[in-house]
Visitor: 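Okay, handing you the structure first.
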Amino acid sequence: MDGDTIRRTFLEFFEQRGHRVVPSSSLIPTAPGLLLTNAGMNQFVPYLLGTERPPYLRAATAQKVFRTPDIDLVGHDARHLTFFEMLGNFSFGDYFKEDAIRYAHELVTKELGIDHDRLWVTVFESDADAEAIWLDGVGLPPDRLVRRGKFDSDGESLNFWWMHAAGPCGPCSEIYVDRGPAYGPDGGPDVDEERFLEIWNLVFMQDECDEHAEVVRELPRKNIDTGSSLERVAVVLQDVASAFDTDLLRPLVASAEELTERVYGRQERDDVSLRIIAEHARATTFLIADGVLPSNEGRGYVLRRMLRRLVTHARRLGVAVDVMPSLVATVIERFHGAYPELAANQAFIHQVATSEEEGFARTYRQGMGVFEEEVAKAKASGSKRLSGEAAFRLHDTFGFQEQLTLELAREQGLEVDADGFARLMQEQRERARRARKRGEGAGDLGEVAAEGGPTEFLGYERLDADAHIVGLLRDGAREDSAGEGDRVLLALDRTPFYAEGGGQVGDAGTIRTATGLVQVTDTRLGPGGTIVHEGVVTAGEVRAGDEAGASVDPARREATTRSHTATHVLHHTLRQTLGEHARQAGSLVAPGRVRFDFTHYESVPRDALEEIEAIANRRLADDQPVRAYETTLEFARSQGAMALFGEKYGDLVRVVEIGDYSIELCGGTHVHRTGEVALLRVASESSIGSGFRRIEALTGPDALAHVNVERRLLEEVTEALGAGDPQTAPERARQALARIKQLESELGAIRRTARTQEVERFAASAQDVAGVRLAVARMPGGADELREVATALRKRLEPEGAVVLGAAADGKALLVAACTAALVARGVTAPNLIAEAAATVGGKGGGRTPDLAFAGGSRADALDAALAGIPARLLGLLGG
Ligand code: ALA
């Protein structure tokens with residue numbers, strides 16, 4: 001049975017038994033406390049806890065899941081995966097243990113055709129019910145049933161399942177399949193979990209626990225949550241050694257083989273790399289498809305690390321070209337049937353993956369250079385170990401994971417100072433922690449949030465509202481009141497102030513109480529849905545509990561609102577003009593100003609930019625209505641809404657629709673008709689890293705102001721050129737520049753003639769000093785001119801000759817001396833020749849070579865006297 005058939009068989013089996021087949025939720029989890037979706041039940045947490053009414057009582061899914069703890073183990077054996085597909089069936093207070101066990105047994109033995117005699121089962125030690133169902137109900141022989149506790153000696157959970165975050169939990173029962181003596185010794189899962197492979201976990205969700213797996217209460221209703229790894233079922237049914245040999249991962253191993261020109265299964269060292277490339281390619285493609293972008297924190301960092309690890313392994317096997325394009329293509333081809341989001345985001349995934357690969361490949365090359373230097377240094381000093389500093393620098397600056405540095409070092413016969421490295425990493429973490437701590441009185445803010453609950457937001461409809469101050473912080477600490485001049489954070493029970501979010505800046509304005517006034521400079525989202533107003537008390541005193549009138553600065557808000565609608569129009573226009581791959585990667589929506597980052601692989605030419613600007617402005621002028629409404633995610637998606645990252649099925653989402661062309665999920669504020677934006681003016685387009693571009697634009701009156709500034713500049717240029725009319729200004733400017741060039745060349749010719757004449761004149765006036773021809777003269781000019789004349793003159797005074805020229809400008813004296821080679825051979829050098837004269841003009845000789853020297857001094861008035869002394873000096877140097 002191939003993977004697709006197993007998936008279909010599973011879902012159909014449960015559909016026939018009254019289960020709603022629900023699509024996989026995103027890898028970006030909706031459940032709090034999780035970095036990435038780690039189980040099929042994540043999207044159903046509120047139904048399991050009983051805090052939300054489920055729209056169906058039975059569900060079945062094939063869920064994309066991601067487990068980070070084993071990331072570093074992937075590849076080193078054939079067992080660990082980060083990303084896999086989890087098949088699951090769920091009951092929300094409907095059926096419980098009896099049916100869950102019977103369904104599982106029937107599916108495994110009848111539909112999947114795994115022999116009953118090959119099954120082993122574990123149960124929670126005190127779960128007599130489950131045990132009885134397995135033994136008496138299903139007929140499992142008692143010697144193939146294993147009782148297990150909550151945790152093993154390492155604290156790993158055994159037959160008690162929780163999310164590894166606070167939430168629903170409960171005892172569980174696992175199904176194992178005996179793969180036969182070829183895979184290991186007999187004796188059941190307690191003896192060998194390679195031979196006895198776990199294929200299904202049935203969790204009887206009956207409790208709620210905290211983040212340490214401590215049960216805090218019993219759930220109101222008993223639920224079922226099960227999870228079966230599609231990859232493992234495929235291993236059993238296809239009777240292959242590991243997931244990498246199933247039809248799910250084999251095509252990726254094949255891609256990796258092709259890229260690296262290695263064969264899987266020949267050499268363990270190559271196999272490790274091939275598995276890492278195959279596994280990480282699949283995981284990263286799915287992550288990007290769900291909207292995770294590479295970054296230095298959180299899930300973005302997980303993605304970045306995996307991409308880097310993958311690329312590193314490819315490079316080390318000698319691949320010199322980008323590997324992501326063909327790997328991503330293989331993943332999409334293999335999985336787009338079951339996961340349509342892969343095909344829908346194809347261009348985007350390619351874009352993000354390749355940019356990151358290109359960026360890292362550059363750093364990798366530089367890092368390898370540094371690594372090689374460090375190795376050479378260590379070897380030269382006779383050391384057998386790479387310093388912790390070196391490993392840390394490779395990590396911090398070049399993104400080399402410790403593992404990589406260790407492996408590279410080992411190849412060079414070196415070890416790494418792991419303790420030193422760990423110490424530096426710890427210090428860095430400490431620094432980061434202190435920096436975070438300095439940031440905010442988050443503790444006190446959290447307290448205010450917990451007491452006040454989420455703030456009611458009124459700002460879509462109005463800009464003024466009456467409210468109460470529910471909490472007040474002064475300099476980060478909670479206080480009862482604040483007086484004039486104090487910087488404060490305020491939380492109200494309800495507010496018209498928009499908190500920064502979705503790229504849109506927070507509102508500014510005033511909060512007025514009977515006794516005081518606060519100028520609000522910014523608004524942002526605090527913990528627990530609190531809206532935090534940041535500002536300064538500018539008059540009187542404000543107190544927690546006071547009634548307050550909150551007023552948003554209307555001009556600033558309007559200008560921001562225009563920008564937000566303009567951003568949607570710009571986004572739409574970019575995709576229409578450049579292609580579907582041009583997706584929003586970030587934005588700043590500010591009063592009268594927009595910064596829009598998007599994925600695109602090359603700069604946008606000026607013509608295309610003008611076209612984009614023109615189309616966007618035509619759209620604005622069409623004056624289409626802008627509608628905002630709340631709806632279900634399913635409906636929004638069916639309408640083609642964009643930016644569905646991280647939303648969950650069943651969620652209510654806010655949709656912003658413009659005319660019939662743009663539909664986006666968006667919590668921002670918008671104008672009622674596009675005509676209110678009036679104007680969008682693109683100010684610049686630039687690169688912000690490979691694969692990402694940025695457009696900066698102005699909107700509304702600010703766009704007009706920008707146009708006006710440009711007009712004024714043009715007027716000034718026109719006037720300065722004496723062009724009379726801006727139309728003729730460019731031609732005028734070109735003409736003027738051409739004329740300047742011509743004049744410069746004419747002037748150069750004249751100067752050269754004058755200089756030749758000067759050289760001739762000075763040569764003619766040269767005197768004879770004990771057989772040496774010496775020319776001494778004053779001339780106008782700077783160092784360059786003097787040198788030019790001096791060197792030309794020197795030639796005319798061969799074989800034994802010397803030149804000293806002086807110039808005065810701005811009260812300063814300048815001297816240049818030059819001697820012929822024959823004279824230098826007699827021991828007379830240029831620096832020597834002017835040393836005395838330099839002192840006379842109050843300066844120092846600056847001789848660079850024996851045949852040419854410069855000197856400068858502050859006394860131009862002494863220049864003549866200085867020059868007058870030269871013949872005597874020469875005579876002296878000649879020993880006369
Ligand atoms: N939620 C259970 C698991 O992930 C089924 O194993």
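We count ligands from 1, going down the list as the structure has it; atoms in each ligand are counted the same way.
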Visitor: Counting heavy atoms only, which part of Arg67 comes closer than 4.0 Å to ligand 1: side chain, backbone, both or neither?
Guide: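 The answer is the side chain.
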
Visitor: Just to check, does His164 reach to within less than 4.0 Å of ligand 1 when the distance is taken from its heavy atoms?
Guide: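 False for this residue.
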
Visitor: Would you call the rings of Phe160 and Phe124 parallel, tilted or perpendicular, where under 30° means parallel and over 60° means perpendicular?
Guide: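 Aromatic pair Phe160/Phe124 classed tilted.
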
Visitor: Looking at Thr226, which atoms of ligand 1 are within less than 4.0 Å of one of its heavy atoms?
Guide: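 Taking each heavy atom of Thr226 in turn, ligand 1 has 5 (C) under 4.0 Å.
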
Visitor: Can you confirm if the NZ or CZ of Lys222 lies within 45° of the ring axis of Phe96 and under 6.0 Å from the centre of its six-membered ring?
Guide: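 Here Lys222 fails the 6.0 Å and 45° test against Phe96.
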
Visitor: Return the orientation label for the Tyr56 and Phe44 ring planes: parallel under 30°, perpendicular over 60°, tilted otherwise.
Guide: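 Ring orientation, 0 to 90° scale: perpendicular.
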
Visitor: Would you mind reporting whether Arg53 and Tyr47 have side-chain heavy atoms less than 4.5 Å apart?
Guide: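 Not in contact.
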
Visitor: Do we get Arg8 above Phe10's six-membered ring, with its NZ or CZ under 6.0 Å from the centre and within 45° of the axis?
Guide: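 So Arg8 doesn't make the cation-pi contact.
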
Visitor: Would you check whether Met163 reaches within less than 4.0 Å of ligand 1, judged by its heavy atoms?
Guide: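 So Met163 does not count as touching ligand 1.
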
Visitor: Give the numbers and elements of all ligand 1 atoms closer than 4.0 Å to a heavy atom of Met41.
Guide: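 Close to Met41: 1 (N).
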
Visitor: Is the cationic atom of Lys97 (NZ for Lys, CZ for Arg) positioned less than 6.0 Å from the six-membered ring centroid of Phe204 and within 45 degrees of its normal?
Guide: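 Satisfied, under 6.0 Å and within 45°.
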
Visitor: Looking only at protein heavy atoms, which one is nearest to atom 5 (C) of ligand 1, and what is the separation?
Guide: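 So the nearest neighbour among protein heavy atoms is Gly227 N, 3.2 Å.
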
Visitor: How about Tyr103 and Tyr95: are their ring centres within less than 6.0 Å of each other?
Guide: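 Between Tyr95 and Tyr103, which both carry aromatic rings, the centre distance is below 6.0 Å.
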
Visitor: Enumerate the atoms of ligand 1 whose separation from the nearest heavy atom of Ala39 is less than 4.0 angstrom.
Guide: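 Heavy-atom distances to Ala39 below 4.0 Å select 1 (N), 4 (O).
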
Visitor: Hey, is Val203 touching ligand 1 through its side chain, its backbone, both or neither, going by heavy atoms under 4.0 Å?
Guide: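 The side chain, only.
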
Visitor: Does the N or O separation between Asn201 and ligand 1 drop below 3.5 Å for any pair?
Guide: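 It does: an N or O of Asn201 is found under 3.5 Å from an N or O of ligand 1.
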
Visitor: Under a 4.0 angstrom heavy-atom cut-off, which atoms of ligand 1 come close to Met86?
Guide: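 Selected atoms, number and element: 3 (C), 4 (O).
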
Visitor: Can you tell me which portion of Leu202 lies within the under-4.0 Å heavy-atom range of ligand 1? Options are side chain, backbone, both, or neither.
Guide: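 It is neither; nothing of Leu202 touches ligand 1.
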
Visitor: Just distances here: any N/O of Asp225 and N/O of ligand 1 closer than 3.5 Å?
Guide: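 Right, the criterion is met.
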
Visitor: Answer yes or no: is there an ion pair linking Arg118 with Asp178, defined by an N-O contact shorter than 4.0 Å?
Guide: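 No, Arg118 and Asp178 are not salt-bridged.
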
